[in-house]
Amino acid sequence: MSKHPERINLTPDLSISRLVCGLWQVADIEKNGATVDPEQGADALQAYAEAGFDSFDMADHYGSAEIITGHLLKRYTAGEKRPVAFTKWCPEPGPMTRDVVRRGVEERLIRLGVEKVDLLQFHWWTFEHPAWLDALHEMQAMKEQGLIGALGLTNFDAAHLNLALSDGIEIASNQVSFSLVDRRAAGDLSALCLSRGVKLLAYGTLCGGFLSEKWLGQPEPVSIPDWSRSKYKRFIDTAGGWAVYQGILRAASAIARKHSVSISNVASRWVLEHPAVAATIIGARLGENEHRDDNLKVFSFKLDGDDRALLDGAFAKAKPIPGDCGDEYRKPPFLTASGDLSHHLDAIPSVYKAVPVPGRQDRFRVSSGSIWEPLAGYSRAVRVGDRILVSGTTATHGSNRCVAPGDPGAQATYILDKIAASISALGGKMEDVVRTRIYLKDVSQWEPVSRAHGRFFSEILPANTLIEAGALVGNYEVEIEAEAVV
Ligand SMILES: NC(=O)c1ccc[n+]([C@@H]2O[C@H](COP(=O)([O-])OP(=O)(O)OC[C@H]3O[C@@H](n4cnc5c(N)ncnc54)[C@H](OP(=O)(O)O)[C@@H]3O)[C@@H](O)[C@H]2O)c1
């Protein structure tokens with residue numbers, strides 16, 4: 001058996017372990033106020049690094065994880081091969097000016113004590129707020145200046161990853177939940193990653209430890225003290241509940257016995273064998289437990305057709321986790337973290353401001369700030385009583401920039417986010433939409449646009465018309481208008 005985990009190149013000059021050591025658990029260990037001693041924490045990380053588990057995953061909100069890793073990195077002299085540090089920046093939605101972005105990234109550099117973040121991953125709470133593209137463009141500029149080694153995303157669905165790529169951002173990786181229980185990442189996201197050269201980093205692969213012998217045949221727990229397991233218990237409930245999960249565990253256990261490995265090895269192996277996946281991130285409770293020897297066995301076997309058929313049989317009894325990757329952070333029932341979104345954010349701010357129409361008690365309007373609205377004299381959307389009318393909307397970012405030129409599907413995604421933001425500023429929801437009209441420059445491009453429309457409306461099913469427009473102003477491929485009744 002190999003003594004060290006396999007490695008993979010995330011980018012041509014960034015080699016990582018295929019088993020990344022995840023440090024969210026530091027925040028859980030510290031949740032009552034006591035912090036991990038950074039030198040002792042660094043000792044624990046050094047033991048991982050020396051065993052070949054030398055790639056660490058953190059975030060701005062993982063307690064003192066970045067500081068502990070900074071203490072580890074200081075132990076290596078310049079020019080010496082040092083461990084790899086991934087971190088994340090998860091800002092609150094709001095304007096992503098150059099200063100805001102630079103401050104966010106510089107804080108990561110300072111906490112880690114490095115001149116360049118090896119991999120900086122970006123999380124965004126609501127795509128209704130379009131400033132995520134500003135943040136990514138600024139981070140790309142910082143990458144070009146050598147402050148960021150590789151740029152990654154976390155919890156992005158396929159449509160928004162595609163939008164980022166088509167808007168010119170070079171994305172190395174997308175970190176998402178991917179496990180025997182949550183198989184969403186095997187769908188559209190994997191297909192997109194393979195076609196556009198983006199690698200997946202999988203977390204939640206062991207469902208916080210639920211995918212292990214420890215839980216095989218055990219009764220359903222009444223209370224769960226740690227954040228990670230309480231999050232994945234919600235995934236288990238959503239996938240059909242304890243009995244369905246035990247069915248998946250039993251299938252994994254039979255496969256594990258056949259290959260003389262553990263259930264956790266089977267769970268990790270299944271994820272790692274997906275061609276879009278570069279690595280799985282396995283959470284570590286520093287100073288409490290470590291499973292390195294067992295996790296190394298992931299590289300001692302391969303799943304065969306019978307193993308896959310057994311797992312597929314167990315999956316057939318489960319419900320798919322709804323939506324696409326990352327929806328757990330953005331949409332009810334908010335399956336993530338310690339309860340719901342409110343643990344991270346007080347509220348999602350409205351992107352546009354509703355303004356009363358002078359002299360008309362039942363009328364409000366919003367502007368999206370494009371130069372065309374005052375020039376031609378119209379609002380992005382108007383509310384009249386319980387009706388909301390959204391103007392023909394193009395993928396205009398800020399005052400005048402066309403987003404994702406040449407990609408009608410990506411433009412449609414951007415437009416529908418903008419329509420959602422306009423409707424919510426006026427007190428409505430996408431569920432209130434009763435009519436949409438799509439104007440398409442080249443009707444042969446109907447499919448990506450229709451699929452984008454379907455992602456928003458497949459359960460709402462408004463009346464719809466699709467019109468070939470022949471030509472649209474500028475680089476716009478598509479324009480969409482909508483009407484809602486609140
Ligand atoms: N981007 C995001 O939004 C996001 C979200 C969540 C997590 N993450 C990242 O992913 C990492 C993984 O964390 P996670 O919460 O998803 O947990 P996880 O990796 O699914 O589970 C980790 C737990 O599994 C148990 N374990 C590990 N190896 C084992 C083995 N061989 N046999 C039996 N049990 C084993 C350990 O539990 P015990 O310690 O109890 O033994 C460990 O604490 C995080 O630290 C973080 O870096 C990212």
Side-chain angles (χ1 to χ4, degrees), residues 5 19-30 44-45 48 53 55-63 65-66 68-69 85-90 119-125 152-156 173-182 185 200-216 221 224-236 249 252-253 256 261-269 271 279-300 325-330 334-338 341 343-344:
L19 294 182
V20 172
C21 180
L23 299 180
W24 177 35
Q25 282 66 12
V26 171
D28 184 59
I29 293 169
E30 294 180 341
L45 297 192
Y48 275 89
F53 295 77
S55 310
F56 298 98
D57 180 65
M58 292 148 272
D60 48 6
H61 59 286
Y62 287 5
E66 290 178 326
I68 295 169
T69 305
F86 311 163
T87 194
K88 307 182 196 88
W89 182 46
C90 315
L119 173 70
L120 183 65
Q121 305 158 102
F122 177 70
H123 173 94
W124 192 244
W125 297 100
L153 300 172
T154 179
N155 300 311
F156 268 57
S173 60
N174 186 21
Q175 183 181 133
V176 292
S177 164
F178 197 0
S179 69
L180 296 176
V181 172
D182 177 6
L200 287 178
L201 298 174
Y203 69 78
T205 305
L206 303 184
C207 284
F210 274 124
L211 293 173
S212 69
E213 272 74 12
K214 197 164 156 185
W215 291 94
L216 182 66
I224 301 164
D226 70 275
W227 283 348
S228 173
R229 263 191 275 272
S230 60
K231 166 179 176 173
Y232 296 113
K233 175 63 169 54
R234 280 195 288 280
F235 277 76
I236 288 170
L249 263 192
S253 170
V261 296
S262 68
I263 291 178
S264 297
N265 295 155
V266 172
S268 300
R269 185 79 220 167
V271 171
T280 63
I281 305 171
I282 299 185
R285 294 191 68 88
L286 301 184
E288 294 180 10
N289 310 320
E290 65 90 3
H291 302 271
R292 289 192 292 268
D293 286 348
D294 185 63
N295 287 333
L296 260 188
K297 292 193 197 130
V298 166
F299 303 107
S300 71
C325 297
D327 280 2
E328 64 271 30
Y329 286 89
R330 302 187 184 92
F334 296 115
L335 295 177
T336 185
S338 66
L341 197 63
H343 182 74
H344 298 279

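Both counts, for ligands and for their atoms, begin at 1 and track the order of listing. Heavy atoms only: backbone and side chains are in, while hydrogens, waters and symmetry mates are out.
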Cut-off 3.5 Å, side chains only: do Gln121 and Asn174 have a donor facing an acceptor? no

Report yes or no: does Glu288 contribute a side-chain atom to a donor-acceptor pair with the main-chain N or O of Leu286 at less than 3.5 Å? no

Those residues that, when tested against Ala65, pass side-chain contact (heavy atoms from CB on, under 4.5 Å) (two or more places apart): Leu23, Val26, Met58, Tyr62

What do you reckon, does Arg285 put a non-hydrogen atom under 4.0 Å from ligand 1? yes

Atoms of ligand 1 under 4.0 Å from any heavy atom of Ser228, numbered from 1 in the order shown, are 14 (P), 15 (O), 17 (O)

Is a donor from one side chain sitting under 3.5 angstrom from an acceptor on the other, for Gln175 and Asp57? yes

Arg285 vs Asp28, test: side-chain contact (heavy atoms from CB on, under 4.5 Å). Steps then yes/no. CA-CA 9 Å; Arg285 294 191 68 88; Asp28 184 59; 2.9 Å; yes

Tell me the contacting part of Ser262 for ligand 1: side chain, backbone, both, or neither, using a 4.0 Å heavy-atom threshold, strictly below. neither

Assess whether side-chain contact (heavy atoms from CB on, under 4.5 Å) is satisfied between Glu213 and Leu249, documenting all intermediate values. CA-CA 8 Å; Glu213 272 74 12; Leu249 263 192; over 6 Å; no

Heavy-atom distances under 4.0 Å decide this one: backbone, side chain, both or neither, for Ile281 against ligand 1? both

Just so I know, are the side chains of Cys21 and Ile282 near enough to count as touching, which here means a heavy-atom distance under 4.5 Å? no

For ligand 1, indicate whether the residue Met58 contacts it via side chain, backbone, both or neither (heavy-atom separation under 4.0 Å). neither

Going by distance alone, is a donor N or O of one side chain under 3.5 Å from an acceptor N or O of the other, for Asp182 and Tyr203? no

Give me the nearest non-hydrogen protein atom to atom 10 (O) of ligand 1 as residue plus atom name, then the distance to 0.1 Å. Tyr203 CB, 3.2 Å

For Tyr62 and ligand 1, answer yes if some heavy atom of the residue is under 4.0 Å from a ligand atom, otherwise no. yes

Looking at Gly209, which atoms of ligand 1 are within less than 4.0 Å of one of its heavy atoms? 21 (O), 23 (C), 24 (O), 25 (C)

Tell me, please, whether Trp24 has Lys88 positioned over its six-membered ring: NZ or CZ under 6.0 Å from the ring centre and within 45 degrees of its axis? no

What protein heavy atom lies closest to atom 38 (P) of ligand 1? Include the residue and the distance to one decimal. Asn289 ND2, 3.2 Å

Can you tell which of Ser212, Gly208, Gly326, Cys21 gets a heavy atom nearest to atom 18 (P) of ligand 1? Gly208

Gly204 versus ligand 1: do any nitrogen or oxygen atoms come within less than 3.5 Å of each other? yes

One finds that the ligand 1 atoms under 4.0 Å from a non-hydrogen atom of Tyr232 are 6 (C), 14 (P), 15 (O), 16 (O)

Set of ring-ring contact (aromatic ring centres under 6.0 Å, His included) partners for Phe299, sequence neighbours left out: none

Per-atom contacts of ligand 1 with Ile282, taking only distances under 4.0 Å to non-hydrogen atoms: 19 (O), 27 (C), 28 (N)

Just by modelled atom types, is the Ala85 backbone N or O under 3.5 Å from a matching donor or acceptor in the Thr69 side chain? no

Under 3.5 Å side-chain donor-acceptor pair for Ser268 and Asn265: no

Short N or O distance, Cys207 and ligand 1, threshold 3.5 Å exclusive: yes

What part of Asp57, side chain, backbone, both or neither, has a heavy atom within less than 4.0 angstrom of ligand 1? both

How far is atom 1 (N) of ligand 1 from its nearest protein heavy atom, and which residue and atom is that? Thr154 OG1, 2.8 Å

Give me the residue, atom name and distance of the protein heavy atom closest to atom 19 (O) of ligand 1. Gly283 N, 2.8 Å

Asp226 vs Arg229, salt bridge (charged side-chain N to carboxylate O under 4.0 Å, His left out): CA-CA, chis, key distance, verdict: CA-CA 6 Å; Asp226 70 275; Arg229 263 191 275 272; 3.3 Å; yes

Protein contact of atom 48 (C) of ligand 1 - nearest heavy atom, named by residue and atom, plus distance: Gln175 OE1, 3.0 Å

Atoms of ligand 1, numbered as shown, that sit under 4.0 Å from any heavy atom of Ser264: 30 (C), 31 (N), 32 (N), 33 (C), 34 (N)

Proximity of Arg229 to ligand 1 by residue part, where a heavy atom lies under 4.0 Å: side chain

In this structure, CZ of Phe156 is separated from CZ of Phe122 (nearest 0.5 Å) by 6.0 Å

Numbered in order shown, the ligand 1 atoms found under 4.0 Å of a heavy atom of Gly22 are 11 (C), 44 (C), 45 (O), 47 (O)

Side chains of Cys207 and Phe235: does their closest heavy-atom pair fall under 4.5 Å? no

Does ligand 1 have any atom sitting under 4.0 Å from a heavy atom of Lys231? yes

In terms of its nearest heavy atom to atom 45 (O) of ligand 1, the top option of Gln25, Glu213, Lys297 is Gln25

Does an N or O from Tyr329, backbone or side chain, lie closer than 3.5 Å to an N or O of ligand 1? yes

Donor-acceptor side-chain pairing of Glu66 and Thr87 below 3.5 angstrom: yes

Protein residue, atom and distance nearest to atom 34 (N) of ligand 1, heavy-atom basis: His291 CE1, 3.6 Å

Determine whether the side chain, the backbone, both or neither of Lys88 has a heavy atom under 4.0 Å from any heavy atom of ligand 1. side chain

Taking non-hydrogen atoms only, is Thr205 closer than 4.0 angstrom to ligand 1 via side chain, backbone, both or neither? backbone

Logged contact type for Asp294 with ligand 1, heavy-atom cut-off 4.0 Å, is side chain

Looking only at heavy atoms, is any part of Leu23 under 4.0 Å from ligand 1, and if so is it the side chain, the backbone, or both, or is it neither? backbone

Could you tell me, atom by atom, which parts of ligand 1 come under 4.0 Å of a heavy atom of Asn155? 1 (N), 2 (C), 3 (O)

Is the ring pair Trp125/His123 parallel, tilted or perpendicular, if the boundaries are 30 and 60 degrees? perpendicular

